Amino acid sequence: MTLTQPPVPEAAVDPGGSAPRQRRPAEPRRTPLRARLTGGLFLAPSVVLVVLLLVVPFAFTIYRSFFNDNGFTRSWVGLENYRAMFADPAFGQSVLNTFMWVVGTLLLPVAIGLAIAVGTWKLRLGGLARFAIVLPYAISGSATAVVWTFMLTTDGGLDTLLRQVGLDPLVSQWLLQWPLNTVMMIIATTWQATGACVILFLVGLQSIPPNTLEAAQIDGASGWRLFWSVTFPQLRPMTVVVVGISIVGSLKVFDQVLLLTNGGPGTASETLALTMYRETFTLSRYGAGAAVAVFLTVVVVVASWAYLRRQLRPTE
C-alpha cells in the first residue's frame, strides 16, 4: 500500500533554507464607483421622501417651538415654551399616563399574545381560537373606542351586566376617575392589539426548526421547561420586533384616549400625544404644541434606540 504525502503549503516551501515566507493577506476588493452610483440612484427616491416627509417637518417643528405662536402673531421666546411645559402639572400627569400605557402594553397585549400563540400553536382547534383573538385587530382604533364607550359609560353594558349577576358593589364610573379610566382604556386597547402580537409570534414559532424541539423532547424537556429553555430563546428576534412596535405605539397613543375620555376628567388621563393635540388645535398655542411634539419625538427615538441597541447587541 502506497502512502501519499499531503501537499506542502506554499508558505512552507523553503528552497534556500531560510524561514518560510508568509503569504500576504488579500486586500479587500473595493466596490466599483459605477456600482456605488447605481446603488445610490436606487436609494435616492426613498431618501428624498424621508427627508421631505420626516426630516424637514421635524426641523420646522423644532424651529416653531422657540416662538410664541397663536396662528396670527409670532414672537421669539427662546426656551420659554419648554420651561412652561416642564413646569405645568398637567404635563407631568401626561408623562405619567404615557408611562402607564407603555407598562400596560408590555404586560397585557405582548404577554397575552405570546401565551395564546404558544398555547394554540399545535392544538387541533387552535386556528379557530386564534381567529377569534385576531378578529378585533381588523377593527380600527376609532371603532374600538366607540364599542368600548358603549361598554364602559355610566349605566352602560358593563354596569348592566354587573347588576344582572348581583355584583352591584363593583359598578363604577369606569371612565370618569383616574387611574381607573387609564387602566380600562389599556384593557380596551389590549382587546384589539393582542391579535397583532399573536400573528407576529406565530410567524416566529413557524420559523423554529422542528428538530430542535424534537431533540429537547427526547432529552426529557416538556411544558414550561421546553418553552423557557428552547422555544422562547429562538423567538428572541420576533420578540424584539413585537416589543419595539408596542413601545412606540404606546408612546404615541392618541385616538383611544381622545374618543373614550377626551383626556378627562380635566386633563387627568391625557397622554403626550393628546397634550400636543390640545395645545396645538384646541388652545391654538402652536409654539407650545411644537415643544410637546419635539419632546415626544425625542422620547420615542431615544427609547427605540436604547431598546434596540441593547437587544441587538452581538452576543459573545
Side-chain angles (χ1 to χ4, degrees), residues 53-54 57 93-114 116-117 130-154 156-158 173-203 241-282 289 292-293 295-297 299-301 303-304 307:
L53 299 180
L54 294 178
Q93 181 69 27
S94 177
V95 173
L96 176 59
N97 290 331
T98 303
F99 177 75
M100 290 177 61
W101 273 92
V102 173
V103 175
T105 301
L106 294 180
L107 291 180
L108 293 179
V110 175
I112 295 174
L114 176 61
I116 293 174
R130 291 192 297 269
F131 176 76
I133 300 298
V134 172
L135 187 60
Y137 181 62
I139 304 175
S140 67
S142 301
T144 301
V146 171
V147 172
W148 280 86
T149 299
F150 168 77
M151 292 291 296
L152 299 176
T153 189
T154 304
L158 182 56
Q173 295 178 327
W174 304 102
L175 299 177
L176 298 179
Q177 50 186 340
W178 184 91
L180 181 60
N181 51 12
T182 298
V183 173
M184 297 308 296
M185 287 188 290
I186 293 174
I187 293 175
T189 302
T190 299
W191 176 75
Q192 181 198 25
T194 300
C197 298
V198 171
I199 293 173
L200 292 174
F201 279 125
L202 281 174
V203 173
V241 173
V242 174
V243 172
I245 293 175
S246 300
I247 290 176
V248 173
S250 59
L251 288 172
K252 300 189 302 180
V253 64
F254 171 77
D255 49 352
Q256 294 91 339
V257 181
L258 177 66
L259 294 174
L260 282 169
T261 67
N262 197 24
T267 59
S269 61
E270 277 190 357
T271 58
L272 286 173
L274 193 57
T275 299
M276 175 186 65
Y277 174 85
R278 175 174 59 85
E279 291 284 352
T280 305
F281 299 104
T282 303
V292 178
F295 177 80
L296 177 59
T297 303
V299 169
V300 171
V301 172
S304 303
Y307 172 74

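Below, each value reflects all heavy atoms present in this structure, side chains not excepted, and no hydrogens, waters or symmetry copies. Throughout, numbering of the chain's residues begins at 1 and tracks the sequence. Bear in mind that the values here come from a model prediction, so they are computed numbers and not experimental data.
- Nearest heavy atom pair, residue Pro265 against residue Gln177, reads CD-N, 4.4 Å.
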Criterion side-chain contact (heavy atoms from CB on, under 4.5 Å) on Ile247 and Val243, from CA distance to verdict: CA-CA 6 Å; Ile247 290 176; Val243 172; 3.8 Å; yes
What do the steps show when you test Ile199 against Val134 for side-chain contact (heavy atoms from CB on, under 4.5 Å), and what is the final call? CA-CA 8 Å; Ile199 293 173; Val134 172; 3.6 Å; yes
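- The line from CE of Met276 to CZ of Phe254 is 7.5 Å long, rounded to the nearest 0.5 Å.
- A distance-only check finds no donor-acceptor pair linking the side chain of Thr280 to the backbone of Tyr277 [under 3.5 Å].
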side-chain contact (heavy atoms from CB on, under 4.5 Å) assessment of Trp101 paired with Val257: CA-CA 11 Å; Trp101 273 92; Val257 181; 3.7 Å; yes
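- With contacts defined as side-chain heavy-atom distances shorter than 4.5 Å, the pair Leu272/Phe295 qualifies.
- When side chains are defined from C-beta on, Leu251 counts as touching Val299, because their heavy atoms get closer than 4.5 Å.
- Residues Asn181 and Leu176 have side chains not in contact (no heavy-atom distance under 4.5 Å, counting atoms from C-beta outward).
- Two residues are said to be in side-chain contact when any heavy atoms from C-beta on lie closer than 4.5 Å; Phe201 and Val110 meet this criterion.
- Two residues are said to be in side-chain contact when any heavy atoms from C-beta on lie closer than 4.5 Å; Leu106 and Ser246 meet this criterion.
- Nearest heavy-atom pair, Ser304 versus Val248, reported as atom, atom and distance to 0.1 Å: OG-CG2, 3.2 Å.
- For the pair Leu274 and Leu258, the minimum side-chain heavy-atom distance is below 4.5 Å.
- Distance check, rounded to the nearest 0.5 Å: CD of Gln256 to CD1 of Ile186 gives 11.0 Å.
- Looking at heavy atoms from C-beta onward, Trp178 lies out of side-chain contact with Val183 at the 4.5 angstrom threshold.
- Side-chain atoms of Gln173 and Leu180, non-hydrogen and from C-beta on, never get closer than 4.5 Å to each other.
- The minimum heavy-atom distance between Ala132 and Pro136, with the atom names listed, is O-CD, 3.4 Å.
- In the displayed structure, Phe131 atom CZ is contacted under 6.0 Å by at most 12 heavy atoms of other residues, nucleotides or ligands.
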Full working for side-chain contact (heavy atoms from CB on, under 4.5 Å) between Leu152 and Met185: CA-CA 9 Å; Leu152 299 176; Met185 287 188 290; over 6 Å; no
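- Side-chain atoms of Thr261 and Ser269 form a donor-acceptor pair, as typed in the model, at a separation below 3.5 Å.
- Of all non-hydrogen atoms in Asp255 and Gly141, the two that sit nearest each other are OD2-CA, 3.6 Å.
- We find the CH2-CD1 distance between Trp191 and Ile139 to be 4.0 Å, quoted to the nearest 0.5 Å.
- Nearest heavy-atom pair, Leu260 versus Ala145, reported as atom, atom and distance to 0.1 Å: CD2-O, 3.4 Å.
- Residues forming a salt bridge (Lys or Arg N to Asp or Glu O under 4.0 Å) with Arg130 (at least two apart in sequence, or on another chain): none.
- Considering OG1 of Thr182 and CD of Glu270, their distance stands at 11.0 Å, rounded to 0.5 Å.
- Here OG1 of Thr297 is found 9.0 Å from NZ of Lys252. Values are rounded to the nearest 0.5 Å.
- A distance of 10.5 Å separates SG in Cys197 from CG in Leu108, rounded to the nearest 0.5 Å.
- Residue Tyr307 qualifies as enclosed at atom OH: its count of foreign heavy atoms under 6.0 Å is above 12.
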